[in-house]
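Letters A, B, ... are given to chains in the order of the sequence lines, protein chains preceding strands, and every chain is numbered from 1.
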2 protein chains.
Amino acid sequence: MITMEEAEIRSNIIKAMGHPVRLMMIDVLKDGTRSFSEIFSLFTLDKSTVSKHLLVLKEAGIVTSQKTGADMIYRLEVPCVTDFFGCVTAVIENNVRRQQVCLCKR
Amino acid sequence: MITMEEAEIRSNIIKAMGHPVRLMMIDVLKDGTRSFSEIFSLFTLDKSTVSKHLLVLKEAGIVTSQKTGADMIYRLEVPCVTDFFGCVTAVIENNVRRQQVCLCKR
DNA sequence: TGCCTTGTTGGTATTGTTACCAACAAGGCA
DNA sequence: TGCCTTGTTGGTAACAATACCAACAAGGCA
């Protein structure tokens, strides 16, 4: 079994992905780098809120940023995180299936 | 891009994995079913706390439970979630590598 | 230099999460 | 039935996460 320390390190990375806004950010960045203003324009959130979400992703090591001219460019550092979305979809589909079973039983 | 609704559904599942205790539970269950008392004995936590963590995993659809005799048996419903650990490890290793780069630069 | 754009940081209120203890419910067994 | 084991649920306190506004810092450009 994994140790508690190992589990804590892992959970920090997973926790960073566990917010709808940050998931959408990752989803957008999987197609290539994006500037702050591009990412900001996707949401109806304060710029400080967007900045802080990106900071969470950065601190987890999921994205990196680089100042380029006047813009801050964000990059998905570990694209494999998006592979996980397929499994999440499997969980969702399994949930739907089980719900249907429950409905049939009634 | 994924919708906000889709992102919220996905993030609920990911959030359920974003706690060290629940990660360890998933790690143990990947090798087969376990009873509540087996899982409980792995931690120095109140039984109510363990029960609530398992409830979070159940509500996300990651595990299921079944009463068997006097015991409650837990089962990992979607084993592919453990595939993700490999990617999390990649993130961790990348973080370590970048840290070394930073240290070299100084 | 002064101003504008672009992001980040600080402060704070609100909300969500987690852990404990206590009480309860369900079922096995003497 | 009475008691014990096994887990769950309710209550609550402590802590973490999130969103906003305001203020700030850095750099480009007139």
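- Residues passing the side chain to side chain donor-acceptor pair (under 3.5 Å) test with A:Asp46, sequence neighbours excluded: A:Ser48.
- Between A:Gln66 atom CD and C:dT8 atom P there is a gap of 14 Å when expressed in whole angstrom units.
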Checklist entry - With the sugar-phosphate defined as primed atoms, P, OP1 and OP2, and the base as all remaining atoms, what B/S/- string results for nucleotides 14-30 of chain D, 5' to 3', for protein heavy atoms under 4.0 Å? => result ----SSBBB--------
Checklist entry - DNA chain D in dot-bracket, Watson-Crick or G-U pairs under 3.5 Å, [ ] crossing, | other strand? => result ||||||||||||||||||||||||||||||
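- The interatomic distance linking A:Phe36 (CZ) with C:dT9 (C1') rounds to 12 Å, in whole Å.
- Between the CG atom of A:Leu57 and the P atom of C:dT8 there is a distance of 12 Å, rounded to whole Å.
- Between the CZ atom of B:Phe40 and the P atom of D:dG7 there is a distance of 10 Å, rounded to whole Å.
- Using a 4.0 Å heavy-atom cutoff across all strands shown, A:Phe43 reaches no nucleic acid atom at all.
- Among residues at least two apart or in separate chains, side-chain hydrogen bond (donor to acceptor under 3.5 Å, both in side chains) pairs with a member in residues 13-27 of chain B are B:Arg22-B:His53, B:Asp27-B:Lys30.
- Put simply, CG on B:Leu54 is 16 Å from P on D:dT6, counting in whole angstrom units.
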Can you list, pair by pair, the side-chain donor-acceptor contacts under 3.5 Å of residues 31-43 of chain B, counting residues two or more places apart and other chains?
from: B:Ser35; atom 1: OG; to: B:Ser37; atom 2: OG; distance (Å): 3.2
from: B:Ser35; atom 1: OG; to: B:Glu38; atom 2: N; distance (Å): 3.2
from: B:Ser35; atom 1: OG; to: B:Glu38; atom 2: OE1; distance (Å): 3.4
from: B:Glu38; atom 1: OE1; to: B:Ser35; atom 2: N; distance (Å): 2.8
from: B:Ser41; atom 1: OG; to: B:Ser37; atom 2: O; distance (Å): 3.4
from: B:Ser41; atom 1: OG; to: B:Glu38; atom 2: O; distance (Å): 2.7

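- Distances from the side chain of B:Leu55 to the nucleotides C:dT9, D:dT9, C:dT8 place D:dT9 closest.
- A ring pair (Phe, Tyr, Trp, His ring centres under 6.0 Å) check over residues 59-98 of chain A, counting only residues at least two apart or in different chains, returns the pairs A:Phe84-B:Phe84.
- Residue pairs that meet the disulfide bond (SG atoms under 2.5 Å apart) test with at least one member in residues 26-97 of chain A, sequence neighbours left out, are A:Cys80-B:Cys87, A:Cys87-B:Cys80.
- Within the structure, the side-chain hydrogen bond (donor to acceptor under 3.5 Å, both in side chains) test picks out the following pairs touching residues 56-69 of chain B (sequence neighbours left out): B:Lys58-B:Ser65, B:Thr64-B:Glu77.
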Could you tabulate the donor-acceptor pairs under 3.5 Å formed by side-chain atoms of residues 3-11 of chain A, not counting sequence neighbours?
from: A:Thr3; atom 1: OG1; to: A:Glu6; atom 2: N; distance (Å): 3.1
from: A:Glu6; atom 1: OE2; to: A:Arg10; atom 2: NE; distance (Å): 3.1
from: A:Ser11; atom 1: OG; to: A:Ala7; atom 2: O; distance (Å): 3.3
from: A:Ser11; atom 1: OG; to: A:Glu8; atom 2: O; distance (Å): 3.0

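- Using a 4.5 Å cut-off on side-chain heavy atoms (C-beta onward), A:Ile2 and B:Met24 make contact.
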